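All heavy atoms count here, side chains included; hydrogens, waters and symmetry mates do not. This one's a predicted model, so the numbers in the text were calculated from it and none came from an experiment.
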Amino acid sequence: MTNDEALLAVRQHFESLFPKTCASCHRQFATLREYIVVTTRVGPAKSCDAEMGDWRPTEPIGSLALANCPCGSTLALSTESMAHEQRMTLLTWVKRETQRRGISSSDLLEGLRDDIRKQVLNEPQA
């Protein structure tokens, strides 16, 4: 998997999670773009499997990117519902890239998060 393929896979998966509704205030985010614009990031994105050093999990936990709704409730974008094979391919990419670049998995995923954000916000609105 290349960086561009990882970016595309994660972005497409995250876009498939919308519409998304805040469980606390019931605000609905129609698109990934609206979610990015309206919410506020909370901490770095993380791969639970990578942080545990489990590079070949039989039941991968996946990755999380947290953000706060304007009401203050924390929302998550997760790879939990992504196909198992794709999650494992992404985890292999995370391992390879963190070793190659000498960075943490959170640093790698934050860069991916930034790239997705830039792509989404630089596209014309429909």
Would you say that [X] contacts [Y] through its side chain, given a criterion of any heavy-atom pair below 4.5 Å between the two side chains?
| X | Y | value |
| --- | --- | --- |
| Lys20 | Leu32 | no |
| Cys25 | Cys69 | yes |
| Gln12 | Leu8 | yes |
| Pro60 | Met88 | yes |
| Ser47 | Leu109 | yes |
| Lys95 | Thr92 | no |
| Asp54 | Cys48 | no |
| Leu90 | Val10 | yes |

**OP:** Tell me whether the centres of the aromatic rings in Phe29 and Phe18 are closer together than 6.0 Å.
**Re:**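 Ring centres of Phe18 and Phe29 not closer than 6.0 Å.
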**OP:** For the pair Arg117 and Glu123, find out whether any cationic side-chain nitrogen is under 4.0 Å from an anionic carboxylate oxygen.
**Re:**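 No, Arg117 and Glu123 are not salt-bridged.
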Original post:
Quick one: side chain to side chain donor-acceptor pair (under 3.5 Å) partners of Asp114, sequence neighbours excluded?
Top reply: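 Here the qualifying residues are Arg41.
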Original post:
Who are the side chain to side chain donor-acceptor pair (under 3.5 Å) partners of Arg56, not counting sequence neighbours?
Top reply: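 Counting only residues at least two positions away or on another chain, Arg56 forms no side chain to side chain donor-acceptor pair (under 3.5 Å).
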Which heavy atom of [X] sits nearest a heavy atom of [Y], and at what distance?
| X | Y | result |
| --- | --- | --- |
| Val94 | Ala50 | CG1-CB, 4.3 Å |
| Val120 | Arg33 | O-NH1, 2.8 Å |
| His84 | Thr58 | CE1-O, 3.6 Å |
| Tyr35 | Ala67 | OH-CB, 3.6 Å |
| Ser78 | His13 | O-NE2, 2.9 Å |

Is there a donor-acceptor pair closer than 3.5 Å between any side-chain N or O of [X] and the backbone N or O of [Y]?
| X | Y | result |
| --- | --- | --- |
| Thr2 | Glu5 | yes |
| Asp107 | Ile103 | no |
| Gln119 | Ile116 | no |
| Thr98 | Ser105 | no |
| Glu110 | Ser106 | no |
| Arg87 | Gly62 | no |

Starting at [atom1] of [X], measure out to [atom2] of [Y] and round the result to the nearest 0.5 Å.
| X | Y | atom1 | atom2 | result |
| --- | --- | --- | --- | --- |
| His26 | Ser73 | NE2 | OG | 10.0 Å |
| Arg27 | Thr21 | CZ | OG1 | 11.0 Å |
| Gln86 | Met1 | CD | CE | 6.0 Å |

Mind checking whether [X] and [Y] sit in one hydrophobic cluster, side chains of I, L, V, M, F, W, Y counted as touching below 4.5 Å?
| X | Y | value |
| --- | --- | --- |
| Leu77 | Trp93 | yes |
| Leu7 | Leu64 | no |
| Leu75 | Val42 | no |

Subject >> Lys46 and Leu66: CA distance, side-chain angles, deciding distance, side-chain contact (heavy atoms from CB on, under 4.5 Å) verdict >> reply: CA-CA 9 Å; Lys46 66 179 180 176; Leu66 303 177; over 6 Å; no
Original post:
ring-ring contact (aromatic ring centres under 6.0 Å, His included): which pairs involve residues 101-120, sequence neighbours left out?
Top reply: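 Those involving residues 101-120 do not exist here.
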**OP:** Start with the C-alpha gap between Trp55 and Leu91, add the side-chain angles, then the distance that decides, and say whether side-chain contact (heavy atoms from CB on, under 4.5 Å) holds.
**Re:** CA-CA 7 Å; Trp55 297 106; Leu91 188 57; 3.7 Å; yes
**OP:** Decide yes or no on side-chain contact (heavy atoms from CB on, under 4.5 Å) for Leu108 and Arg101, but give the supporting numbers first.
**Re:** CA-CA 9 Å; Leu108 179 69; Arg101 299 180 196 188; 3.4 Å; yes
**OP:** Please say whether more than 12 non-hydrogen atoms of neighbouring residues, nucleotides or ligands are located less than 6.0 Å from CD in Gln28.
**Re:**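 Yes.
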Original post:
Going through the distances and angles, do Leu121 and Val37 end up as a side-chain contact (heavy atoms from CB on, under 4.5 Å)?
Top reply: CA-CA 8 Å; Leu121 294 179; Val37 169; 3.7 Å; yes
**OP:** Assess the side chains of Thr40 and Asn68: does a donor N or O sit below 3.5 Å from an acceptor N or O?
**Re:**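 No, Asn68 and Thr40 have no side-chain donor paired with an acceptor closer than 3.5 Å.
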